[in-house]
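Reminder, nothing fancy here: chain letters follow the sequence lines and each chain counts from 1.
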There are 2 protein chains.
Amino acid sequence: MATLSYPVGVSETTRVMRSDAARTVRAILEAAERVLSKNPAASMEQIAEAAGVARTTVHRRFASREALVDAMAAWATRKFAEAVESAHPESTPPLVALYQVTASVLKVKSDWGFAMSRALSDDPEVARVHADVEERCDRLFRRAQAAGVLRADVDTGWARRVYYALIHEAAQSRDAEPDALATRVVDTLLRGVGTGQGL
Amino acid sequence: MATLSYPVGVSETTRVMRSDAARTVRAILEAAERVLSKNPAASMEQIAEAAGVARTTVHRRFASREALVDAMAAWATRKFAEAVESAHPESTPPLVALYQVTASVLKVKSDWGFAMSRALSDDPEVARVHADVEERCDRLFRRAQAAGVLRADVDTGWARRVYYALIHEAAQSRDAEPDALATRVVDTLLRGVGTGQGL
DNA sequence: ACAACTTGCAACACTAATGACGCAAGTAAT
DNA sequence: ATTACTTGCGTCATTAGTGTTGCAAGTTGT
């Protein structure tokens with residue numbers, strides 16, 4: 001049984017957390033992202049070491065490995081939603097929104113790639129936010145279709161999956177600057193890599 | 001130490017393998033693909049159960065978990081190379097070759113998705129074959145550029161990564177028929193999902 | 001029929017990882 | 001300064017997974 005002496009996780013309580021404890025939680029989350037993105041099977045020991053804390057401290061803050069990964073997913077999901085939100089995808093022309101969203105999401109994705117891949121969390125709140133973003137994406141694509149930017153004969157679901165895949169691919173390039181990547185993603189999404197000859 | 005009473009793996013010996021043993025090896029490889037593609041951290045026990053054999057039998061045939069995964073990678077890599085080969089990508093017009101290769105690879109990928117994702121094997125033979133296929137892909141793309149099918153201003157490396165990503169994405173759709181998927185992949189790769197308006 | 005081979009089963013040893021606990025030392029907030 | 005909180009360290013228990021071995025029973029090929 002998990003009987004801990006004080007609260008566990010990030011937002012599981014309304015209690016105020018002492019600043020040093022909050023720093024530790026943050027350090028663990030960031031270290032976990034760094035370590036797990038390189039090796040998803042890494043041990044708690046390795047994560048603790050990367051965070052510069054003792055393994056027991058990790059267990060004090062997160063009741064189990066699963067709880068830690070869930071907290072990462074929740075954290076990254078919030079960042080993700082914020083990124084989409086900050087791009088105002090509903091109130092700008094579709095093409096502009098596409099660039100903005102792409103650039104914002106790429107930033108988050110390069111920092112929280114592992115956590116974001118764990119989107120299928122059992123936390124209903126996380127699932128809700130992801131469904132919400134997906135819905136937003138579909139709305140944006142439908143607006144783009146209406147504006148004649150997106151072809152009307154392509155399935156919106158397929159378009160979204162291609163979009164996600166391109167973002168994922170672009171996020172692997174850790175070197176290039178974000179704006180160039182966003183441009184490349186949107187360009188490839190809309191025009192592909194062909195000339196249009198011979199079709 | 002691994003001191004087994006008889007040969008381990010698939011092609012690690014020239015000795016003739018009894019037919020029932022060969023069947024078992026095949027069953028294990030296929031079961032491992034099925035199980036590991038759903039859960040990469042699945043235990044040998046689960047793999048054995050899915051293969052309908054005892055766990056000890058798996059260990060008799062594959063000295064370690066690593067050896068099993070390596071054998072899967074080798075097996076899938078052979079299938080992969082055969083698929084590319086059968087499409088004759090060098091001797092047909094680039095556009096035709098693109099369709100043929102896509103369709104062939106999609107078939108293999110839907111059956112050996114996990115094993116193929118383990119492309120980065122330490123087996124030099126596997127690495128060689130993958131590098132070979134990559135080289136073939138680049139050659140095909142350069143021929144396509146020369147033929148005016150592919151834009152000259154896109155990086156060949158990026159085009160290949162997009163191509164791989166689209167194939168990966170299409171392979172997730174287990175329902176649709178392979179030819180339709182191949183068409184969709186090539187279409188999206190060359191034309192994207194945009195109309196070309198507003199760029 | 002016979003020899004060689006293969007499998008399942010039961011048992012075993014070993015390892016790595018997880019999680020819990022108490023205590024001493026240190027830090028934050030009042 | 002005092003109180004409450006937090007951390008590191010050492011330690012322990014438990015579990016799950018891995019890999020090995022011997023043997024009886026069954027199968028394959030000749």
Side-chain angles (χ1 to χ4, degrees), chain A residues 1-32 35-36 38-72 114 118, chain B residues 1-10 12-32 35-36 38-72 114:
Chain A
M1 270 302 170
T3 48
L4 297 185
S5 47
Y6 40 81
V8 156
V10 185
S11 58
E12 298 191 14
T13 176
T14 55
R15 281 252 323 261
V16 188
M17 192 181 276
R18 238 173 68 176
S19 62
D20 53 350
R23 253 192 309 258
T24 301
V25 167
R26 206 194 185 90
I28 293 173
L29 288 174
E30 291 174 355
V35 172
L36 292 179
K38 283 188 188 165
N39 172 22
S43 67
M44 300 291 268
E45 179 73 54
Q46 291 171 270
I47 295 170
E49 189 188 351
V53 299
R55 187 177 62 91
T56 44
T57 300
V58 179
H59 278 111
R60 264 195 283 255
R61 290 300 164 191
F62 303 95
S64 68
R65 183 196 187 83
E66 198 188 353
L68 170 58
V69 174
D70 283 353
M72 291 172 68
F114 172 83
R118 296 281 140 179
Chain B
M1 270 302 170
T3 48
L4 296 185
S5 46
Y6 40 82
V8 155
V10 186
E12 299 192 13
T13 176
T14 55
R15 281 255 317 266
V16 188
M17 191 181 277
R18 240 173 68 173
S19 63
D20 54 350
R23 252 191 311 258
T24 301
V25 168
R26 205 193 185 91
I28 293 172
L29 287 175
E30 290 175 356
V35 172
L36 292 179
K38 283 186 188 164
N39 172 22
S43 67
M44 301 291 268
E45 178 74 54
Q46 291 171 270
I47 295 171
E49 190 188 349
V53 299
R55 187 175 62 90
T56 44
T57 301
V58 179
H59 278 112
R60 266 195 282 255
R61 290 300 163 190
F62 304 95
S64 69
R65 183 196 187 82
E66 199 189 352
L68 170 59
V69 174
D70 283 353
M72 291 172 70
F114 172 83

ask   = Looking at dC9(D), dG19(D), dT7(C), which one has an atom nearest to any side-chain atom of Ala54(A)?
value = dC9(D)
ask   = What closest approach, in Å, do His59(B) and Met44(B) show between heavy atoms, and which atom pair accounts for it?
value = NE2-CE, 3.9 Å
ask   = Which of the following nucleotides, dG17(D), dT7(C), dA17(C), is nearest to the side chain of Ser43(A)?
value = dA17(C)
ask   = Can you find a side chain N or O atom of Thr57(A) that sits less than 4.0 Å from OP1 or OP2 on dG8(D)?
value = yes
task = Answer yes or no: are there more than 12 heavy-atom neighbours, outside Arg118(A) itself, under 6.0 Å from its atom CZ?
result = no
ask   = How many Å lie between CG on Leu36(B) and P on dG17(D), as a whole number?
value = 13 Å
Length of the line joining Leu68(A):CG and dA17(C):P, which is rounded to integer Å = 16 Å
request  = Would you please confirm or rule out a distance under 4.0 Å between OP1 or OP2 of dC5(D) and any side-chain N or O of Arg18(A)?
outcome  = no
request  = Could you state the atom-to-atom distance from CZ of Arg60(A) to C1' of dC21(C) in whole Å?
outcome  = 10 Å
ask   = What is the distance, rounded to the nearest whole Å, between atom CZ of Phe62(A) and atom C1' of dT18(C)?
value = 16 Å
remark   = Rounded to whole Å, the CG-P distance (Asp20(B) to dG8(C)) equals 10 Å
ask   = Should the heavy atoms of other residues, nucleotides or ligands under 6.0 Å from CD of Glu49(A) be counted, would the total exceed 12?
value = no
query = Ser19(A) has a side chain; which of dT20(D), dT6(D), dA29(C) sits nearest to it?
reply = dA29(C)
inquiry  = Side-chain N or O of Ser64(B) versus OP1/OP2 of dT18(D): is the shortest distance under 4.0 Å?
reply    = no
message = Working note: Val35(A) + Asn39(A), criterion side chain to side chain contact (heavy atoms under 4.5 Å, CB included); need CA distance, chi angles, decisive distance, verdict.
response = CA-CA 6 Å; Val35(A) 172; Asn39(A) 172 22; 5.6 Å; no
Residue-phosphate contact under 4.0 Å: Arg23(B) side-chain N/O, dT28(D) OP1/OP2 = yes
inquiry  = Does dC9(C) have OP1 or OP2 under 4.0 Å away from a side-chain N or O of Thr56(B)?
reply    = no
remark   = In whole angstroms, the gap separating P of dG8(D) from CD1 of Ile28(A) amounts to 8 Å
request  = With DNA chain D as reference, determine whether Ala21(A) or Arg65(B) sits nearer its 5' end, using the nearest nucleotide of each.
outcome  = Ala21(A)
message = Check the phosphate of dT7(D) against Arg61(A), side-chain N and O only, distance under 4.0 Å to OP1 or OP2. Yes or no?
response = yes
Side chain to side chain contact (heavy atoms under 4.5 Å, CB included) between Arg60(A) and Thr57(A), worked out = CA-CA 5 Å; Arg60(A) 264 195 283 255; Thr57(A) 300; 3.7 Å; yes
Length of the CE-P vector between Met44(B) and dT20(D), whole Å = 10 Å
request  = Round to a whole Å and report the spacing from NE2 of His59(A) to P of dG8(D).
outcome  = 14 Å
